[in-house]
Amino acid sequence: MTRSQARELLGLPAGLIFLHIGHARVGRNLPSLEPLCEEGHLALALSPHQPEEPGALPSHPNVIILRGYSSDLGALYRAADVYVFPTVSTTNMIGTPLTVFEALANGLPVVARSSSALHRW
């Protein structure tokens, strides 16, 4: 599936898309991604396994929130241009952030904050 096909399938716009997949928790540091919205769209695919915390999400017209279960995460990765992982607190992520590995496995460049979990990787 090409990037344009994945975007069409998911209803995502043309242009630069930054992607993050995970939980809407304050400790995830997602509001730090808001400046990316000046360059393109920020797509946040939120896990349904934890409730969204107030103040956990950036607020900008170019933020796209994808809530609920996705049967094809591969399409999300293929639709994006860059995967972003802003979490730095080890108490707010698992020891090895699997979404970083999934993004790389789908050929997606990754930009991540420095953290002890990623240093081990």
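For reference, positions follow the sequence shown, starting with 1. What you see below is based on every heavy atom in this structure, not just the backbone, and it leaves out hydrogens, waters and symmetry mates.
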Given the options R67, R25, H23, E52 meets side-chain contact (heavy atoms from CB on, under 4.5 Å) only with R67
Closest non-hydrogen contact found for C37 with V63 is SG-CG2, 3.6 Å
So, F85 versus H20, ring centres under 6.0 angstrom or not? yes
Would you check if the side chain of N29 reaches a backbone N or O of P86 as a donor-acceptor pair within less than 3.5 Å? yes
Is L36 linked to L16 within one hydrophobic cluster, defined over Ile, Leu, Val, Met, Phe, Trp and Tyr using a side-chain heavy-atom separation of less than 4.5 Å? yes
Within one Ile-Leu-Val-Met-Phe-Trp-Tyr cluster: L66 and I17, side-chain cutoff 4.5 Å: yes
Assess whether atom CD of E8 is packed by more than 12 heavy atoms of other residues, nucleotides or ligands within 6.0 Å. no
Quick one, T99 with E102, criterion side chain to side chain donor-acceptor pair (under 3.5 Å). Give me CA distance, side-chain angles, the key distance, then yes/no. CA-CA 5 Å; T99 57; E102 291 171 351; 5.8 Å; no
Where G15 and R7 come nearest, the two heavy atoms and their spacing: O-NH1, 2.6 Å
Same cluster for L19 and L33 if Ile/Leu/Val/Met/Phe/Trp/Tyr side chains link at under 4.5 Å? no
Any donor-acceptor pair under 3.5 Å linking the side chain of N106 with the backbone of Y77? no
Measure the spacing between CG of L57 and CZ of R28 and express it to the nearest 0.5 Å. 12.0 Å
Test log, rule side-chain contact (heavy atoms from CB on, under 4.5 Å), inputs V84 and L42: CA-CA 9 Å; V84 289; L42 173 62; 4.2 Å; yes
Tell me whether V111 shares a hydrophobic cluster with L108, the cluster being built from Ile, Leu, Val, Met, Phe, Trp, Tyr side chains joined at under 4.5 Å. no
Is the backbone of R3 close enough, under 3.5 Å, to the side chain of R78 for a donor and an acceptor to pair up by distance? no
P54 and V26: which non-hydrogen atoms are nearest, and at how many Å? O-CG2, 3.5 Å
Ignoring hydrogens, what is the shortest heavy-atom contact between G55 and P31? Give both atom names and the distance. O-CG, 3.7 Å
Please find the pair of heavy atoms, one from P58 and one from L44, that lie closest to each other, and give the distance. CD-CD1, 3.7 Å
Has Y83 got a side-chain atom pairing as donor or acceptor with I21's backbone, closer than 3.5 angstrom? yes
To the nearest 0.5 angstrom, please state how far the CG atom of L9 sits from the OG1 atom of T2. 10.5 Å
Between I64 and L12, is the side-chain contact (heavy atoms from CB on, under 4.5 Å) condition met? List the steps. CA-CA 8 Å; I64 300 166; L12 295 174; 4.1 Å; yes
Report whether L30 and I65 are members of the same hydrophobic cluster (ILVMFWY, side-chain heavy atoms less than 4.5 Å apart, transitive linking). yes
Do other residues, nucleotides or ligands put more than 12 heavy atoms under 6.0 Å from the CD atom of Q50? yes
